[in-house]
Amino acid sequence: MTLTERMIEGARLNHFINGKRTAPRSGQYLQSFDPTTGQPWYEAADGDAADVDAAVQAAQAALVDPAWRRMTQSARGKLVRRLAELVARDADTLARIEMRDNGKLLREMQAQLGAMPDTYHYFAGMADKLQGETIPVNKLDMLNFTLREPLGVIGMITPWNSPLMLLTGTLAPCLAIGNTVVIKPSEHTSASTLALAELIQEAGFPDGVVNVVTGHGKTAGEALTRHPGIAKIVFTGSTATGRRIATNAAGNLVPCQMELGGKSPHVVFDDVDLDRAVNGVVAGVFAAGGQTCIAGSRCFVEARVYRDFIERLADRAKRVRIGHPADEATELGPLALAAQLEKVETYVSYGVADGAKIAAGGRRPQDEALVRGWYFEPTVLVDAKNEMRFMRDEIFGPVVGVMPFRDEDELIRLANDTHYGLAAGIWTQNIDRAMRFARNVDAGTVWINTYRSAAYMSPSGGFKESGYGKRGGFEVMREFSRLKNVVIDHSGATQDPFVIRLR
Ligand code: NAD
């Protein structure tokens, strides 16, 4: 156990508001559990509307405080770079905290944390590149130009599956642009965001620029999304919660960025190395226990190789090593929450009841060392149909439904027959066919001969009920800034005050 983990073990963690660790006004705390044992390991402040209001006020004050507002762009960029260095210094500790909180493999969390400093560096470079334009307007004695400004106080609500990675994609550009932030992490995984807040303070960000309020969605989360002092809500989580948040925010005419659920199609044609495709499908749905928004949970296989493929996939699924997430040999850790385990079991039973067949997995492992944790075997359900309940709803667990398809027309119809539109994958050697699929599938990201390959330079974000708005790349500069138009008349002339100047 690292020093920080020891400090968190059994501790009461407080909010981070205006640069200070702040106890909840209500005096209430919530319990966070270790998914490998089901036992509590720390408490976090159970925030409510009063705590959220204090955090938003601190962020509003920081927004106009000269210490932040009048900081030069380059100085802001340097601060973000300093944060990158501190995250690099503490990456292993942060990875271990997240593993302990959500049960994901240590090597997966180390990979996520390892890439995070680069993400901060990338967006730090944007701090001094946010620029407007001069616009020719047919008025020769006038100067018409635009300014890009920070948007204001951004409310960020994150889920438990990859708390810091999902936060970083929006926090880094928001800070580089000069916004201030109130973060509400998932009640199941508060610790890593609070640990990051300490680094933000160490980096030297002025007080109030970043605030963290922990607590439940229905109290702290709701209060944040209803607060009139927020300029934009960035939400990553389930579609049902996203719908509710967008409704709350609409009450204050506050825009949102929505990163929601998925039920992504993963396609295998008969012209590929089947073992490589099996490996891709495994990466798509069993990595991270399937607890990723982009899980390729609906697998479509060309009919000619269907039987061969499902045999190989089931064989690989049966050989997946289930164990403690800190163990180097482990390939599948526990699910993050007891409720998640129950949900997975329920949907597997729906699949069977609806006529799919279990080719691998389908139950909790019976191994003595695992029975106390929230483990579930990697599960392959074959002869699935798109209309089965487990093929329609997001399960967020290690469960894949596999079905054959005959031709490209049928494939596109099946792939797009979903409420979601987050990601899609295809394995084929035929580039024409791959491009036809990429153009016709309703998905924000399409992977060809790869899956679950992400980059902070590329815009990601879903269509349909998977949400709206993009994170990553230059798109975020538009997402988190506002555009102001300024007009100067340098003619010296006096105009007719009763006529609008259209020409
Ligand atoms: P969730 O919707 O239950 O909770 C997400 C966050 O919203 C938590 O912080 C929670 O406290 C908060 N919340 C809950 N109810 C709220 C309310 N009424 N008002 C305001 N906040 C509220 O999701 P989860 O179970 O934590 O995460 C899993 C979901 O997240 C999956 O659906 C997954 O697909 C999605 N996800 C999407 C992406 C993406 O980038 N598209 C990434 C990761 C996870």
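Scope of the values below: all heavy atoms of this structure, side chains included, with no hydrogens, waters or symmetry mates. As the structure lists them, so they are numbered: ligands from 1, and atoms in each ligand from 1.
For atom 18 (N) of ligand 1, the nearest non-hydrogen atom of the protein is Glu222 OE2, 2.8 Å. Taking atom 20 (C) of ligand 1 as the reference point, the nearest protein heavy-atom neighbour is Gly221 C, 3.2 Å. Shortest contact from atom 23 (O) of ligand 1 to any protein heavy atom: Ser238 N, 3.5 Å. Nearest to atom 35 (C) of ligand 1 among the protein's heavy atoms is Gly237 O, 3.2 Å. Residue, atom and distance of the protein heavy atom nearest to atom 9 (O) of ligand 1 are Thr158 O, 2.8 Å. Among protein heavy atoms, the minimum distance from atom 36 (N) of ligand 1 is reached at Cys293 CB, 3.6 Å. Of all protein heavy atoms, the one closest to atom 34 (O) of ligand 1 is Glu394 OE2, 2.5 Å. Protein heavy atom nearest atom 40 (O) of ligand 1, with residue, atom name and distance: Glu259 OE1, 3.2 Å.
A donor atom on one side chain and an acceptor atom on the other are found under 3.5 Å apart for His266 and Trp427. Defined by atom type and a distance below 3.5 Å, a donor-acceptor pair is missing between the side-chain atoms of Tyr420 and Asp442. Side chains of Ser162 and Gln112: a donor-acceptor N/O pair is present below 3.5 angstrom, by distance only. Side chains of Tyr42 and Ser32: a donor on one and an acceptor on the other come within 3.5 Å. Under 3.5 Å, the side chains of His188 and Asn102 contain no donor-acceptor pair of N or O atoms. Residues Glu479 and Gln257 bring a donor and an acceptor atom of their side chains to less than 3.5 Å of each other.
Not a single heavy atom of Ser466 sits less than 4.0 Å from an atom of ligand 1.
Residue-to-ligand polar distances place Glu187 within reach of ligand 1: an N/O pair is separated by less than 3.5 Å.
When heavy-atom distances to ligand 1 are checked against a 4.0 Å cut-off, Leu422 comes that close only through its side chain, counted from C-beta outward. Residue contacts with ligand 1, taken as heavy atom pairs separated by less than 4.0 Å, do not involve His188 at all. Of all the heavy atoms of Thr239, none lies under 4.0 Å from any atom of ligand 1, so neither backbone nor side chain is involved. Neither the backbone nor the side chain of Leu224 comes within 4.0 Å of ligand 1, counting heavy atoms alone.
Side chain of Ser26 to backbone of Pro24: no donor-acceptor contact under 3.5 angstrom is found.
The nearest protein heavy atom to atom 25 (O) of ligand 1 is closer than 4.0 Å.
Taking every non-hydrogen atom of Leu166 and a distance limit under 4.0 Å, the qualifying atoms of ligand 1 come out as 42 (C), 43 (C). Less than 4.0 angstrom separates some heavy atom of Asn161 from each of these atoms of ligand 1: 43 (C), 44 (C). The ligand atoms of ligand 1 that sit less than 4.0 angstrom from a heavy atom of Pro185 are 9 (O). Annotation for ligand 1: atoms under 4.0 Å from non-hydrogen atoms of Lys184 are 8 (C), 9 (O), 10 (C), 11 (O). Interface atoms of ligand 1 facing Ile157, defined by a heavy-atom separation under 4.0 Å, are 6 (C), 7 (O), 9 (O), 12 (C), 20 (C), 21 (N). The ligand atoms of ligand 1 that sit less than 4.0 angstrom from a heavy atom of Arg244 are 18 (N). Applying the 4.0 Å criterion to heavy atoms of Ile245 picks out, from ligand 1, the atoms 19 (N), 20 (C), 21 (N). Of all atoms in ligand 1, numbered sequentially from 1 with element shown, those under 4.0 Å from a heavy atom of Thr236 are 5 (C), 37 (C), 38 (C), 39 (C), 40 (O), 42 (C), 43 (C).
Ile17 and Ala55 get closest at one heavy-atom pair: CG2-CA, 3.8 Å.
Salt bridge annotation for Asp48-Arg25: absent, with no cationic side-chain nitrogen under 4.0 angstrom from a carboxylate oxygen. Between Lys263 and Glu465 there is no salt bridge, since no side-chain nitrogen of the basic residue lies less than 4.0 Å from a carboxylate oxygen of the acidic one. Of the charged side-chain nitrogens involved, none lies within less than 4.0 Å of a carboxylate oxygen, so that Arg96 and Asp90 do not count as a salt-bridged pair.
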Item to complete: Report the C-alpha separation of Thr158 and Leu171 in whole Å, then their side-chain angles, then the decisive distance to 0.1 Å, and conclude whether the side-chain contact (heavy atoms from CB on, under 4.5 Å) test is met.
Response: CA-CA 11 Å; Thr158 54; Leu171 179 62; over 6 Å; no

Item to complete: Under the ring pair (Phe, Tyr, Trp, His ring centres under 6.0 Å) rule, what do Phe300 and Phe405 come out as? Steps first, then yes or no, please.
Response: CA-CA 6 Å; Phe300 302 103; Phe405 69 90; 7.2 Å; no

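Relative orientation of the Trp160 and Phe396 rings is perpendicular, given thresholds of 30° and 60° on the angle between their planes.
Considering Thr189, Thr236, Ile183, Ile97 in turn, Thr189 is the only one that fulfils the side-chain contact (heavy atoms from CB on, under 4.5 Å) rule with Pro163.
Among Trp160, Phe235, Phe396, the residue whose heavy atom sits closest to atom 7 (O) of ligand 1 is Phe235. The heavy atom nearest to atom 19 (N) of ligand 1, considering only Pro163, Gly215, Gly217, is found in Gly217.
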